[in-house]
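Here the structure comes first, spelled out in structure tokens, and everything after it is commentary.
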2 protein chains.
Amino acid sequence: MIERHHLTLIREVDRQGSLTAAADTLCLSQSALSHTVRRLEEQMGTPVWRREGRRLIPTQAGRYLLSLAERLLPQLAHAEDVIEQIARGQRGTLRIGMECHPCYQWLLKVVDPYLAIWPGVDVDVRQRFQFGGLGALLGHEIDVLVTPDPVRRPGLCYEPVFDYEQVLVVSNDHRLAQRDWVTPRDVAEETLITYPVAMERLDVYSQFLMPAQRLPRRHKTIETTDIMLQMVAAGRGVAALPRWLVNEYADRMAIAPLSLGSTGIQKQIYLGVRERDAEVDYLKGFLALCKSGGTQ
Amino acid sequence: MIERHHLTLIREVDRQGSLTAAADTLCLSQSALSHTVRRLEEQMGTPVWRREGRRLIPTQAGRYLLSLAERLLPQLAHAEDVIEQIARGQRGTLRIGMECHPCYQWLLKVVDPYLAIWPGVDVDVRQRFQFGGLGALLGHEIDVLVTPDPVRRPGLCYEPVFDYEQVLVVSNDHRLAQRDWVTPRDVAEETLITYPVAMERLDVYSQFLMPAQRLPRRHKTIETTDIMLQMVAAGRGVAALPRWLVNEYADRMAIAPLSLGSTGIQKQIYLGVRERDAEVDYLKGFLALCKSGGTQ
DNA sequence: ATAAATCATGAAAAAATGTCATGGAGTCGT
DNA sequence: ACGACTCCATGACATTTTTTCATGATTTAT
């Protein structure tokens, strides 16, 4: 077995030019190195150096091991740096899980300043979970769950970080465009465009259409927000999105937001974390940043 | 210090899901693993796993080490394969040294099939040596010396691999072109073109002109065989080359080979190797291929 | 030729790694 | 809810590995 120690040794002998000098640098006796080298050579079945007089000249195998050492040892050294930083709580990977598309739009605005404040922390955003976002959080697949739907579980805690209203988006010259709010019956005559996710996870359905026992005339799914809104602007359908998101597009596109029902659908985005992670500083930092609004 | 052993262990625990199972796979006692883990964690200052009930859940550090393990361990495993092949003489770099230009032409025909038979072996051809080809061989600068001049030394052995006749090449419409062989006096009236090497290494001189105390009318040097023969074909001079080499060009160029003297100059190419390398598989393979003629 | 430096080696000491025995704690099935 | 089972932790002890010390053989430099 080629051990790290062997590689260290081989590299040092190459640098110092002799066993004795290398032993010195490594704070070992010359004898120790000699023994170790002999064991390694016996084990591998091939010498690492050819002994020419009292000089050591690398063999095939020696040259190969040397290149291996030059490649792997720095990686190990770096790994130790990283571990040390992790040990001091200054570094890690913040794995954020998301279940809703609007969350993603919001998250984008938060991640940027976060990366600036925590230069030692990487952010990883994941969106597909075998056992759902909750399962991913409990299973340590992610560290934070961004969700509009805080399912309480022992060991977990949620923090609301963002309020928004879910609205209907229609083209500016749509027959409903001048209205302030719409009824389920209004929507039932439209083509509804949504992200491609299960119906129960769409608020228009679960909180608006289903209670009134209505369905849209047609239902299309589109992956991306931009295309979705282009379709809406072209009068090819209506969509349900957060009001703030619609407003961002409104100056570039001929679209208008309408409340769903007279009171509108009020939503919140929550961050869920494991209670045990409460002391992880870069996670706390993320929660704090989110609550403060991210961009301020 | 993160050792290979630690990475192996971490990877196995991840694969098996428990210390006990990993210990089993690694042929160690559960206790041994537990001890090692504790030592590692103490040393790093951070746990690798968080103990949740009796389950082990990787921490930041643990996940990082795991990814490190998945990256480095395969490289080490591969390195061991390579070393084993080197040890068995099935892999390495065959450093071939050459002293004569015709040798090079011949070598090209041998190297190609050799590379096909020994996929693990790289071939490196060297032509300039500070202390001559012999010195390079003795000084382990090269592994094989291709030479027409086998200088015996203790520790070295030579094998003849190729016989050829050194001939004079003249243009088809040269005044000598109809002759079977030429005398030193004939050549003394010509412009002789040779490779740019010391005179004593040119057989036309050492074995033909010098013994007869003749010199050519003029002496030009040219690096490449192609240009040399174009010059000859154009009637701008004569050259001395192996007969087989001239024959290869003869169908494309207006040139003719003539023996040097009534009996011709008979030459052999030898391969010189260090006796100690006799067991190296890929070297033996090279010698065998050369003796068999290479292309058959 | 002599001195200094280098690597190899055997024996012994020191350190590390491993095993055994055991205990506590979570998990599962009834 | 209880017992059987499984899993991890730990201390004492054993084994293995690594290191040192003392020394020798050989090469290089003066």
Side-chain angles (χ1 to χ4, degrees), chain A residues 1-59 61-62 65-66 138-140 153-155 274 276, chain B residues 1-59 61-62 65-66 138-140 154-155 276:
Chain A
M1 290 276 270
I2 300 172
E3 296 296 331
R4 175 183 192 165
H5 189 218
H6 296 136
L7 298 180
T8 315
L9 194 159
I10 286 166
R11 181 177 65 173
E12 203 55 39
V13 170
D14 180 68
R15 287 183 178 168
Q16 303 293 332
S18 82
L19 266 195
T20 311
D24 237 33
T25 321
L26 297 172
C27 296
L28 279 173
S29 67
Q30 170 269 320
S31 168
L33 286 203
S34 185
H35 280 297
T36 308
V37 166
R38 195 172 48 71
R39 281 192 299 264
L40 177 65
E41 291 181 331
E42 259 166 28
Q43 200 180 31
M44 295 194 312
T46 177
V48 177
W49 293 285
R50 189 161 38 77
R51 278 68 170 174
E52 190 139 297
R54 65 193 197 191
R55 278 228 126 23
L56 298 178
I57 294 165
T59 59
L65 286 176
L66 184 60
L138 288 166
H140 290 261
R153 284 291 146 84
R274 291 178 296 266
R276 294 216 151 186
Chain B
M1 292 276 271
I2 300 171
E3 296 297 331
R4 176 183 192 164
H5 189 215
H6 296 136
L7 297 180
T8 315
L9 194 160
I10 286 166
R11 181 177 64 175
E12 202 56 38
V13 169
D14 178 69
R15 286 182 177 167
Q16 304 292 332
S18 82
L19 267 195
T20 311
D24 237 34
T25 320
L26 297 172
C27 296
L28 281 172
S29 67
Q30 171 268 319
S31 167
L33 249 56
S34 186
H35 281 298
T36 307
V37 167
R38 196 173 47 72
R39 282 192 295 263
L40 177 65
E41 291 182 331
E42 261 165 28
Q43 199 180 32
M44 296 195 311
T46 177
V48 177
W49 294 283
R50 190 160 41 69
R51 279 65 170 175
E52 192 141 295
R54 65 190 197 192
R55 277 229 128 20
L56 297 178
I57 294 163
T59 59
L65 287 175
L66 184 60
L138 289 166
H140 288 262
R276 294 213 151 186

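So that the names make sense, note that chain A is the first sequence line, chain B the second, and so on, each numbered from 1.
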Checklist entry - Quick one: A:Leu28 CG to C:dA15 P, roughly how many Å, whole number? => result 13 Å
Checklist entry - Counting side-chain heavy atoms from C-beta on, which of C:dT27, C:dG18, C:dA8 comes nearest to B:Thr36? => result C:dG18
Which pairs of donor and acceptor atoms, one on a side chain in residues 8-15 of chain B, lie under 3.5 Å apart (sequence neighbours left out)?
| residue | atom | partner | partner atom | Å |
| --- | --- | --- | --- | --- |
| B:Thr8 | OG1 | B:Arg4 | O | 2.8 |
| B:Glu12 | OE2 | B:Gln16 | NE2 | 2.8 |

Checklist entry - For the residue pair B:Pro47 and B:Ala61, what are the closest heavy atoms and their distance? => result O-CB, 3.8 Å
Checklist entry - A:Arg38: what forms a side-chain contact (heavy atoms from CB on, under 4.5 Å) with it, not counting sequence neighbours? => result A:His35, A:Glu42
Checklist entry - Across the strands shown, which category fits B:Arg38 at heavy-atom distances under 4.0 angstrom: base, sugar-phosphate, nothing? => result sugar-phosphate
Checklist entry - Can B:Glu3 and B:Arg39 be counted as an ion pair, charged N to O under 4.0 angstrom? => result no
Next on the checklist: Please check this pair: side chain of B:Gln30 against backbone of B:Ala23, looking for a donor-acceptor N/O pair closer than 3.5 Å.
Outcome noted: no
Checklist entry - Taking for each residue the nucleotide of DNA chain D with the nearest heavy atom, is it A:Ala32 or B:His35 whose nucleotide lies nearer the 5' end? => result B:His35
Item to check | Nearest-angstrom distance from the residue atom CD of A:Gln30 to P of C:dT9 | outcome: 11 Å
Checklist entry - Can you check the B:Arg55 CZ to C:dC28 C1' distance for me, whole Å? => result 13 Å
Next on the checklist: Going 5' to 3' along DNA chain D, between which two nucleotides do contacts with chain A fall, using a heavy-atom cut-off of 4.0 Å?
Outcome noted: D:dT18 to D:dT28
Next on the checklist: By the 4.0 Å heavy-atom rule, please label A:Leu33 as base, sugar-phosphate, or nothing.
Outcome noted: nothing
Checklist outcome for this item: Here the distance between atom C1' of C:dT27 and atom CD of B:Glu52, to the nearest Å, is 14 Å
Next on the checklist: What contact category does B:Ser34 fall into here, base, sugar-phosphate, or nothing, at under 4.0 angstrom with non-hydrogen atoms?
Outcome noted: base
Next on the checklist: For C:dC7 and A:Thr20 - does any side-chain N or O of the residue sit under 4.0 Å from the phosphate oxygens OP1/OP2?
Outcome noted: yes
Checklist entry - Where the side chain of B:His5 is defined as all heavy atoms beyond and including C-beta, which of C:dA8, C:dA21, C:dG18 is the nearest nucleotide? => result C:dG18
Checklist outcome for this item: Rounded to whole Å, CG of A:Asp24 lies from C1' of C:dA5 at a distance of 13 Å
Checklist entry - Between the base of C:dA5 and the side chain of A:Arg54, is there any donor-acceptor pair under 3.5 Å? => result yes
Checklist entry - NA contact type, B:Ser29, heavy-atom cut-off 4.0 Å: base, sugar-phosphate, or nothing? => result base
Checklist entry - For atom CZ of B:Arg276, is the number of surrounding heavy atoms from other residues, nucleotides or ligands below 6.0 Å larger than 12? => result no
Item to check | Spacing of B:Leu19 atom CG relative to C:dG26 atom P, expressed in whole Å | outcome: 16 Å
Next on the checklist: Are more than 12 heavy atoms, taken from residues, nucleotides or ligands other than A:Arg50, located less than 6.0 Å from that residue's CZ atom?
Outcome noted: yes
Next on the checklist: Counting the atoms with a prime plus P, OP1 and OP2 as sugar-phosphate, which does A:Arg51 contact under 4.0 Å by heavy atoms, base, sugar-phosphate, or nothing?
Outcome noted: sugar-phosphate
